> 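Okay, here's the structure, questions in a sec.
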Amino acid sequence: MKLIYSLSPSVAPSQREELTRLVSESLSGATVSLDEAGARLVVLVADTVGAGAVFNALHLRLLSFGIELKELYREMPAATVSAGGPDPVLAGYGTQKQRRTVPLSTFLVSLIAAVLSFSIISFVMGSGCALLISGGDTLGTTGEEEAEDYAGKIALIDEIFKQYSLYDADGQLLLDEMLKAYAVATGDDYAAYYTEEEFAALLEENSGNAVGVGVTVTESTDPVGILIIDVLPDSPAMAAGVLPGDVVISLGSGEQTVFVSEKGFEASLELLRGEAGTKAEFTVVRDGEEHFFSVTRTAIKTVSASGRVSETDPAVGIVRITQFDLSTPVQFKAAMDELISKNCTKFVIDVRNNPGGDLRSVKAVLSFFLNEGALVVSTFGKDGKETSSEYVEAVTYEDEGADCSVSKEDIGRYRQYPLAVLMNGYSASAAELFASTLRDYELATLVGETSFGKGIIQSVFDLSVMGYSGGFKLTVGYYTPPSGENYHDKGIAPHVEVALTGEAAEKNFYLLTEAEDNQLQAALQALKP
């Protein structure tokens, strides 16, 4: 694969040899060259290497030279784009908002996925690229001249404990907890450190396979806790009687009870994950009363896209997308084709309560409606400069993202059908990108309520690339749909605004009949001539 990047500013002649050497070391097995002006960087890497991983490796290295880069050209093998690791994920975003949505179909620590909870998550994986991070003795990105020598201070405290403490300490546990505290102390609401087991669970969650009780959650501030916004059909949580709207206020039981208000949102989520066959114990508040649940975790295969023929109008197919995981495009295509075979000629795509997911997934689903070469999303760094853009194209993934592959025949497959997209205040990130992109190309009428408003980017780094276990997630920028307008903290306003009213507003959302669901009725009305 051949990649060409522009460099800004151009590399000075005195720096070119050193920069070329360091970049070559960052990209194992790659061939690297600069043009005579020092303004273009040409990289030749194996076809199996992910272009996203190459960009992240180069971006980190060139920042040390004060140089920004932008991809200009990508020459891929014929009809195939292979990725050595997961590409960006649209999952949980949010730095200022108090509520944060996490796709916990399994009550696991996640994404969104994305990742993927709902950011664009660029996975920097071991795909032939090695990240070289310059070392330092001070913490943080600003004020380093005033910071203490953290490595020395940690070593000193560690030695004091070894020599004088009455108790022996678990070194790995100390390190894990310290890195988790580091993520919290950065002020980045979605920064997180994952142990090796947690990181594996995160990847499994994004694949559509996981272990848990089967819920999707967000943060609650009144009461302080974990708000359950979705309960998966046929899940252990649904069987136990857990309902959307329940707020988890504590975890565990008896003397082991831990309150979310004291433990914190992210840390509390970690306490809910576990192995198949184990119990997840938690107490929720519902209508002012407390209810205790002990739910057995089990393996769950997420059904993220499903369809049915409207009871009101048999010409309308209704497809619900609960999240954009790696299996969504295949499930969505199957649902659409089945409905078309049943003579449906118009469609409502329901992304209410959809917290986001994987960028490859939402891009693939959008490809069914867009033309080849259409812009899907642009991403920007902290300085406001564009870092990358994604366009509709035929693409083949050979890794766990195979279900997100797009053929030439898939592009524009359903473009001719009238669409209404149904959304609400819990439609976030990738769901918002889906709705806004169809809006921008005037392919759908948006119905419902203003969306959540998460449009910032996170990257998840697989630390095994650098010889360590686990992974780390942090916010690195923001993204925009084709219109170029970032909707973070603002959300996307629908064309037809309608909230659930009357008995529908009081009833379990997932138990609403079509007749009771006035938002769905509004979407059906929007499809009429």
Side-chain angles (χ1 to χ4, degrees), residues 92 99-113 117 194-195 197-198 200-220 223-304 306 320 322-323 325 327 353-355 426 507-512:
R99 56 178 182 174
R100 293 167 286 175
T101 302
V102 179
L104 287 179
S105 61
T106 62
F107 245 159
L108 296 174
V109 180
S110 75
L111 34 95
I112 352 82
S117 285
Y194 301 97
T195 65
E197 293 79 13
E198 291 165 350
L202 175 65
L203 300 183
E204 189 74 7
E205 168 80 10
N206 189 47
S207 72
N209 300 289
V211 172
V213 300
V215 298
T216 300
V217 307
T218 188
E219 186 173 9
S220 170
V224 175
I226 301 170
L227 172 63
I228 296 172
I229 62 173
D230 191 0
V231 180
L232 293 182
D234 302 319
S235 65
M238 177 166 282
V242 178
L243 299 177
D246 288 350
V247 178
V248 179
I249 59 171
S250 66
L251 314 160
S253 60
E255 295 182 355
Q256 303 302 316
T257 300
V258 175
F259 290 91
V260 179
S261 59
E262 299 174 356
K263 188 71 174 178
F265 179 73
E266 296 286 354
S268 296
L269 292 180
E270 295 181 23
L271 296 179
L272 291 169
R273 67 180 300 270
E275 299 179 355
T278 61
K279 297 284 187 180
E281 295 185 330
F282 51 94
T283 298
V284 307
V285 170
R286 180 190 303 165
D287 298 327
E289 297 183 357
E290 294 186 5
H291 300 267
F292 175 78
F293 291 95
S294 179
V295 183
T296 301
R297 302 177 180 95
T298 187
I300 293 175
K301 175 63 177 180
T302 302
V303 178
S304 56
S306 58
R320 182 162 182 258
T322 59
Q323 64 181 5
D325 62 38
S327 64
N353 293 359
N354 181 323
Y426 293 117
K507 191 173 180 179
N508 183 337
F509 173 84
Y510 301 96
L511 300 178
L512 288 176

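Count residues from 1 along the sequence. Predicted model only: the values in this text are computed from it and were never measured.
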> Got a sec, which residues hit side-chain hydrogen bond (donor to acceptor under 3.5 Å, both in side chains) with T257, two or more places apart in sequence or on another chain?
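Expected list: none.
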> Got a second to check how far K279's NZ is from T296's OG1, nearest 0.5 Å?
3.0 Å
> I need the minimum non-hydrogen distance between S235 and G214, along with the two atoms involved.
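Smallest heavy-atom distance, with atoms named: OG-O, 3.5 Å.
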> Determine yes or no for a side-chain-to-main-chain donor-acceptor pair under 3.5 angstrom, with R297 supplying the side chain and G277 the backbone.
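It does not hold such a pair.
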> I need the minimum non-hydrogen distance between P223 and S220, along with the two atoms involved.
O-OG, 2.5 Å
> Using 0.5 Å steps for rounding, measure from the CZ atom of F293 to the OG1 atom of T283.
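With rounding to 0.5 Å, CZ (F293) is 9.0 Å from OG1 (T283).
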> For a quick test of your reading: what N or O donor-acceptor pairs under 3.5 Å do the side chains of residues 236-256 make, sequence neighbours left out?
| residue | atom | partner | partner atom | Å |
| --- | --- | --- | --- | --- |
| D246 | OD1 | R286 | NE | 2.7 |
| D246 | OD2 | L243 | N | 2.9 |
| D246 | OD2 | R286 | NH2 | 2.8 |
| S253 | OG | E281 | OE1 | 2.9 |

> Over all heavy atoms of both residues, which pair between S268 and I226 is shortest? Give the atoms and the distance, please.
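That closest heavy-atom pairing would be CB-CD1, 3.9 Å.
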> How would you list, by chain and number, every residue that makes a side-chain hydrogen bond (donor to acceptor under 3.5 Å, both in side chains) with K263, sequence neighbours excluded?
none
